[in-house]
**Q** 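For reference, the structure I am asking about is given below.
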Amino acid sequence: MKRVKIKDILQKGEPGNEVVVKGWVRTKRGSKNVNFIALNDGSIIHNLQVVVDVDNFDDSLLRDINTGAALSVSGKLAESAGSGQAIEMIAEKVELLGGADPDKFPIQPKRHTLEFLRENAHLRFRTNTFSAVFRVRHAMAFAVHKFFNEKGFNYLHTPIITASDAEGAGQMFRVSTLDAKNPPLTDEGEVDYTQDFFGKATNLTVSGQLEGELGALALGEIYTFGPTFRAENSNTTRHLAEFWMIEPEMAFYDLKDNMDLAEEFLKSLIKYALDNCMDDLQFLAGRLKQEEKSKPQNQRSMDLIEKLEFVLNNNFIRITYSEAIDILINSKPYKKKKFQFPVEWGVDLQSEHERYLVEKHFNCPVILTDYPKDIKAFYMKQNADGKTVGAMDVLFPQIGEIIGGSQREESLEKLETRMKEMNVPAKEMDWYLDTRRFGSVEHSGFGLGFERLILFITGMGNIRDVIAFPRTPKNAEF
RNA sequence: UCCCUAGUAGCUCAGUUGGUUAGAGCGGCGGACUGUUAAUCCGUAGGUCGUAGGUUCAAGUCCUACCUGGGGAGCCA
């Protein structure tokens with residue numbers, strides 16, 4: 001008999017069907033005559049209730065059916081006599097595929113903290129919460145490709161190993177095959193990277209953008225979706241040393257087109273989750289509600305599904321950096337001196353300011369544009385005012401910056417001037433500047449932190465809980 | 001990296017102004033129970049109190065350093 005997934009049984013199974021299921025035991029309970037096994041195979045958040053008539057099975061077999069054990073069960077589907085489920089399975093043959101010693105298996109049928117499960121990241125997929133998170137994560141990855149594919153974008157694989165250190169997006173991880181203890185040295189006593197594997201110093205990528213621009217200025221629209229590495233000593237709930245980023249780059253797009261795309265993209269992802277992951281989202285919403293109960297009233301957030309629907313159904317607020325500064329200066333917390341950091345035109349906004357705008361003033365996702373040029377990267381489009389650049393940051397409640405992007409400067413002259421001012425080595429970037437030398441056109445792009453998106457969709461609070469095996473300072477387990 | 005905070009049973013925690021033998025709930029194990037829903041009821045085992053020093057007649061409790069976790073900040077996606 002062919003194995004049937006529990007998802008199919010729960011959605012399409014008919015009483016009387018003979019089936020085989022394979023999965024892992026979540027709990028076993030029951031009385032002298034009958035046992036109930038909640039079996040889960042990862043295909044859906046719900047368990048299949050397997051009913052075991054104790055008289056028909058070996059005592060020792062039943063004893064070994066503990067939480068975490070893997071079983072193959074064949075039997076007949078039946079309408080459930082209990083009230084918790086519509087359909088269940090009457091076991092005829094039970095095979096223990098792999099036991100799980102209850103003294104040693106750490107995931108027991110009780111509430112565990114996320115911190116404990118994080119330390120057991122290799123087993124946390126076995127829990128409802130994490131199986132839901134990772135099914136949603138998969139669905140979102142698929143939805144990213146679906147969105148861009150339907151729009152005619154090309155998925156471009158930009159390099160993971162790169163020699164360019166030009167974007168200044170953060171500290172980089174060195175990639176080298178030199179002997180760390182005893183590297184070859186130059187006459188000046190510096191490490192001689194000409195003898196290294198690539199003949200020069202190389203690092204893990206912090207962004208595929210620059211290479212992405214090269215693709216966009218020929219293919220029209222491209223996007224990247226791959227791992228990204230930042231060797232920053234960041235210890236927060238929103239940062240990882242290894243994370244996944246999506247970076248679309250589009251020729252002939254100005255800043256407004258860029259914003260339109262970012263908003264449409266985020267909404268299409270949210271819609272995909274609502275349309276395809278409702279079971280998991282409902283579970284996660286319930287989990288969140290439970291967690292929120294312990295918080296003071298004023299810190300509680302909206303129901304997860306309501307929040308997703310709210311973002312889907314409302315336009316993002318679009319304001320300039322300068323307008324944001326005005327709003328902040330006229331705000332209550334500013335007047336009462338509640339902000340810790342100063343607010344004046346020219347400073348970068350702190351997260352307390354962003355949170356005020358998004359969570360208090362507008363209570364809605366916000367796109368901030370046209371930042372002062374001195375706090376943004378060299379490649380951004382210089383505005384006519386001479387002071388600002390065509391940057392855009394999409395700010396989400398709780399998460400903060402979920403997207404950062406800009407229109408790119410297409411004028412060779414302006415770009416070279418800016419690079420000189422900001423000490424970006426133009427010589428090493430000659431390949432990048434060639435796009436401005438030959439057939440340069442206006443173009444734009446942005447970067448979306450994939451894990452930050454998953455935080456928002458799942459309502460999880462810590463970025464380490466939405467990636468399978470988080471890499472953070474002092475942590476590269478598993 | 002900075003600030004705050006925590007580390008006691010497998011897990012979640014309690015442990016009074018320092019004072020005999022360190023507790024509970026959950027989980028585990030044994031038993032009971034005619035269909036249970038994280039079942040219920042009875043019983044039972046389980047601890048180098050994060051590590052290393054120090055103060056003291058006496059340290060889970062006080063002090064110092066380190067390690068690890070959590071929250072916040074910075075950096076950013």
Side-chain angles (χ1 to χ4, degrees), chain A residues 26-38 46-55 63 66-68 78-85 88 90 100-120 127-128 167-171 206-209 225 227-247 262 290 295 299 340-341 348-352 354-355 375-377 393-396 399-405 446-456 461-465 467 472-475 477:
Chain A
R26 283 292 165 79
T27 61
K28 185 183 71 171
R29 54 182 174 262
S31 61
K32 192 159 82 178
N33 301 320
V34 62
N35 279 354
F36 302 95
I37 299 167
H46 306 297
N47 303 321
L48 176 67
Q49 170 151 289
V50 176
V51 183
V52 177
D53 187 337
V54 171
D55 293 339
R63 248 199 308 280
N66 299 305
T67 297
E79 234 171 276
S80 181
S83 60
Q85 55 284 313
E88 64 188 14
I90 312 299
D101 183 344
D103 275 335
K104 302 208 175 100
F105 185 59
I107 313 295
Q108 289 299 332
K110 63 169 303 255
R111 211 188 155 277
H112 288 109
T113 59
L114 294 174
E115 291 81 24
F116 172 75
L117 293 171
R118 212 172 289 151
E119 284 167 20
N120 291 280
T127 65
N128 285 333
E167 206 207 341
Q171 290 291 111
V206 293
S207 164
Q209 180 200 317
F225 186 177
T228 309
F229 306 88
R230 305 259 167 107
E232 297 287 349
N233 192 8
S234 294
N235 292 287
T236 78
T237 54
R238 324 179 277 292
H239 288 88
L240 291 164
E242 177 184 289
F243 63 100
W244 288 68
M245 188 155 64
I246 298 139
E247 295 180 289
Q290 204 62 33
K295 288 187 185 169
Q299 281 176 31
Q340 212 186 321
F341 292 90
D348 208 353
L349 296 180
Q350 304 294 319
S351 55
E352 59 176 357
E354 294 180 352
R355 291 188 74 129
I375 57 172
K376 288 291 179 184
D393 285 358
V394 181
L395 308 178
F396 263 29
I399 318 275
E401 186 180 339
I402 195 167
I403 279 182
F446 60 81
L448 168 74
F450 187 58
E451 283 77 15
R452 289 191 181 174
L453 171 81
I454 307 302
L455 278 182
F456 183 75
N462 193 318
I463 203 163
R464 297 163 199 204
D465 295 332
I467 189 166
T472 53
K474 303 269 183 291
N475 181 15
E477 285 296 303

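Below, chain A is the first sequence line, B the second, and so on; all start at residue 1.
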**Q** Considering only the C1' atoms, how many Å lie between rA38(B) and rG70(B), rounded to the nearest integer?
**A**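 Result for the C1' pair: 26 Å, nearest Å.
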
**Q** Give Asp103(A) one of three labels, base, sugar-phosphate or nothing, depending on what nucleic acid heavy atoms sit under 4.0 Å from its own.
**A** sugar-phosphate

**Q** Should the side chain of Ser234(A) and the base of rC76(B) be counted as holding a donor-acceptor pair, with the cut-off at 3.5 Å?
**A**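 For Ser234(A), whose side chain was compared with the base of rC76(B), there is no donor-acceptor pair (under 3.5 Å).
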
**Q** Looking only at atom C1', what distance separates rA24(B) and rA14(B), rounded to whole Å?
**A** 7 Å

**Q** Where do Phe456(A) and Ile399(A) come nearest, in terms of heavy atoms and distance?
**A** N-CD1, 3.6 Å

**Q** Hey, does Thr237(A) reach any base, or is it just sugar-phosphate, or nothing, if we go heavy atoms under 4.0 Å?
**A**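 Sugar-phosphate contact only - Thr237(A) comes under 4.0 Å of backbone atoms but never of a base.
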
**Q** Counting heavy atoms from C-beta on, name the nucleotide in rG69(B), rU12(B), rA39(B) closest to the side chain of Thr27(A).
**A** rA39(B)

**Q** Nearest nucleotide by nearest heavy atom, which residue falls closer to the 5' end of RNA chain B, Asp393(A) or Asn462(A)?
**A** Asn462(A)

**Q** So, under a plain 3.5 Å distance rule, would you say the side chain of Asn235(A) forms a donor-acceptor pair with the base of rU1(B)?
**A** yes

**Q** Need one value for Gly30(A): base, sugar-phosphate or nothing, where a base atom within 4.0 Å counts as base even if backbone is also close, heavy atoms only.
**A** base

**Q** Give the rounded distance in Å between these two atoms: CG of Asn475(A) and P of rC67(B).
**A** 15 Å

**Q** Among Val51(A), Asp53(A), Asp55(A), find the residue that satisfies the side-chain contact (heavy atoms from CB on, under 4.5 Å) test when tested with Val34(A).
**A**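 Filter result, single survivor: Val51(A).
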
**Q** What nucleic acid atoms does Lys104(A) come within less than 4.0 Å of, heavy atoms only: base, sugar-phosphate, or nothing?
**A**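 It contacts nothing in the nucleic acid.
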
**Q** For RNA chain B, write out the stems as range with range, using runs of 3 or more consecutive Watson-Crick or G-U pairs with both distances under 3.5 Å.
**A**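 Output for stems: B:1-7 with B:67-73, B:10-13 with B:23-26, B:28-32 with B:40-44, B:50-54 with B:62-66.
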
**Q** From rC75(B), rG27(B), rC29(B), pick the nucleotide closest to the side chain of Lys110(A)?
**A** rG27(B)

**Q** On the nucleotide rU12(B), are OP1 or OP2 found under 4.0 Å from the side-chain N or O atoms that Thr113(A) carries?
**A**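 For Thr113(A), the contact criterion (side-chain N or O under 4.0 Å from OP1 or OP2 of rU12(B)) is met.
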
**Q** Say you draw a straight line from CG of Leu455(A) to CG of Asp465(A); how long is it, rounded to the nearest 0.5 Å?
**A**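 It is 8.5 Å, given to the nearest 0.5 Å.
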
**Q** Considering only atom P, compute the distance from rG10(B) to rU1(B) and round it to an integer number of Å.
**A**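 One P to the other, the span is 32 Å.
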
**Q** On a whole-Å scale, what distance lies between the P atoms belonging to rC42(B) and rG25(B)?
**A**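 The answer is 10 Å between these two P atoms.
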
**Q** Given the side-chain rings of Phe243(A) and Phe229(A), with only the six-membered ring counted for Trp, is the space between their centroids under 6.0 Å?
**A** no

**Q** Looking only at atom C1', what distance separates rA59(B) and rC2(B), rounded to whole Å?
**A**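 Result for the C1' pair: 31 Å, nearest Å.
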
**Q** Under 4.0 Å between a side-chain N/O of Asn33(A) and OP1 or OP2 of rU34(B), yes or no?
**A**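 Answer no for this pair, as no side-chain N or O of Asn33(A) is under 4.0 Å from OP1 or OP2.
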
**Q** Between Glu247(A) (side chain) and Leu448(A) (backbone), is there a donor-acceptor pair under 3.5 Å?
**A**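 No; zero donor-acceptor contacts below 3.5 Å.
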
**Q** Whether the side chain of Thr67(A) engages the backbone of Gln108(A) through a donor-acceptor N/O pair (distance < 3.5 Å, no angle test) should be reported.
**A** no

**Q** Between rA9(B) and rC49(B), how far apart are the P atoms? Round to whole Å, please.
**A**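 After rounding to an integer number of Å, I get 10 Å for this pair.
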
**Q** Under the 3.5 Å rule, do the base of rC29(B) and the side chain of Arg63(A) count as making a donor-acceptor pair?
**A** no

**Q** Considering just the side-chain nitrogens and oxygens of Arg29(A), establish if one lies under 4.0 Å of OP1 or OP2 belonging to rU36(B).
**A**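 Checking rU36(B) against Arg29(A), no side-chain N or O comes under 4.0 Å of OP1 or OP2.
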
**Q** How long is the gap from CZ on Phe396(A) to CG on Leu453(A), to the nearest 0.5 Å?
**A**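 Between Phe396(A) CZ and Leu453(A) CG, I get 8.0 Å after rounding to 0.5 Å.
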
**Q** Counting any heavy atom closer than 4.0 Å, what does Pro102(A) reach on the DNA or RNA strands: base, sugar-phosphate only, or nothing?
**A** sugar-phosphate

**Q** Can a donor-acceptor pair be found, under 3.5 Å and without considering hydrogens, that links the side chain of Gln350(A) to the backbone of Phe341(A)?
**A**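 No, because the side chain of Gln350(A) does not come within donor-acceptor range (under 3.5 Å) of the backbone of Phe341(A).
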
**Q** Please report the distance, rounded to the nearest Å, between CD in Glu115(A) and P in rG7(B).
**A** 14 Å

**Q** Return the CD to CG distance between Glu451(A) and Leu240(A), rounded to the nearest 0.5 Å.
**A**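 These two atoms lie 5.5 Å from each other.
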
**Q** According to a strict under-4.0 Å criterion, is Thr236(A) in side-chain N/O contact with OP1 or OP2 of rG72(B)?
**A** no

**Q** Given rA38(B), is OP1 or OP2 found less than 4.0 Å from the side-chain N or O atoms of Asn47(A)?
**A**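 The answer is no; no side-chain N or O of Asn47(A) sits under 4.0 Å from OP1 or OP2.
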
**Q** Can you check the distance between rU8(B) and rG60(B), where both ends of the measurement are the C1' atom (answer in whole Å)?
**A**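 Pairwise C1' distance, rU8(B) against rG60(B), rounds to 7 Å.
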
**Q** Assign Glu451(A) to base, sugar-phosphate, or nothing according to its heavy-atom contacts below 4.0 angstrom with the strands shown.
**A**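 Glu451(A): no heavy atom of the nucleic acid under 4.0 Å.
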
**Q** Determine the Euclidean distance between corresponding C1' atoms of rG18(B) and rA58(B); express it in Å to zero decimal places.
**A** 8 Å

**Q** Hey, does Arg111(A) reach any base, or is it just sugar-phosphate, or nothing, if we go heavy atoms under 4.0 Å?
**A**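 Base: the residue Arg111(A), judged by heavy atoms under 4.0 Å, touches a nucleobase.
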
**Q** Go through rG35(B), rA77(B), rG28(B) for me and flag the one nearest to the Ile90(A) side chain.
**A** rG35(B)

**Q** Assess whether one donor atom and one acceptor atom, taken from the side chain of Gln108(A) and the base of rU12(B), lie less than 3.5 Å apart.
**A** no

**Q** Backbone N or O of Gln49(A) within a donor-acceptor pair of the Asn47(A) side chain at under 3.5 Å?
**A**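 Pair absent, no side-chain N/O of Asn47(A) close to backbone of Gln49(A).
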
**Q** Give the rounded distance in Å between these two atoms: CG of Leu395(A) and P of rA77(B).
**A** 12 Å

**Q** Side chain of Pro109(A) only, please: which of rG69(B), rG74(B), rG28(B) is the nearest?
**A**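 Between rG69(B), rG74(B), rG28(B), the one nearest the side chain of Pro109(A) would be rG28(B).
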
**Q** NA contact type, Glu352(A), heavy-atom cut-off 4.0 Å: base, sugar-phosphate, or nothing?
**A** nothing

**Q** Ion pair present between Lys376(A) and Asp348(A), side-chain N to carboxylate O less than 4.0 angstrom?
**A** no

**Q** Picking from rU36(B), rU68(B), rG35(B), which would you name as closest to the side chain of Gln85(A)?
**A** rU36(B)

**Q** Do His112(A) and rC11(B) share a donor-acceptor pair, side chain to base, under 3.5 Å?
**A**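 No.
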
**Q** Can you tell which of rU34(B), rG70(B), rC29(B) lies closest to the side chain of Arg464(A)?
**A** rG70(B)

**Q** Contact class for Ile246(A) vs. all strands (heavy atom < 4.0 Å): base, sugar-phosphate, or nothing?
**A**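 It contacts nothing in the nucleic acid.
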
**Q** Which part of the nucleic acid, if any, lies within contact of Phe36(A), taking any heavy atom under 4.0 Å across all strands shown: a base, the sugar-phosphate backbone alone, or nothing?
**A**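 Here Phe36(A) touches the bases of the nucleic acid.
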
**Q** Assign Ile403(A) to base, sugar-phosphate, or nothing according to its heavy-atom contacts below 4.0 angstrom with the strands shown.
**A** sugar-phosphate

**Q** Where the side chain of Ser351(A) is defined as all heavy atoms beyond and including C-beta, which of rG70(B), rA73(B), rG35(B) is the nearest nucleotide?
**A** rA73(B)

**Q** Any donor-acceptor pair under 3.5 Å joining the side chain of Glu88(A) to the base of rG35(B)?
**A** yes

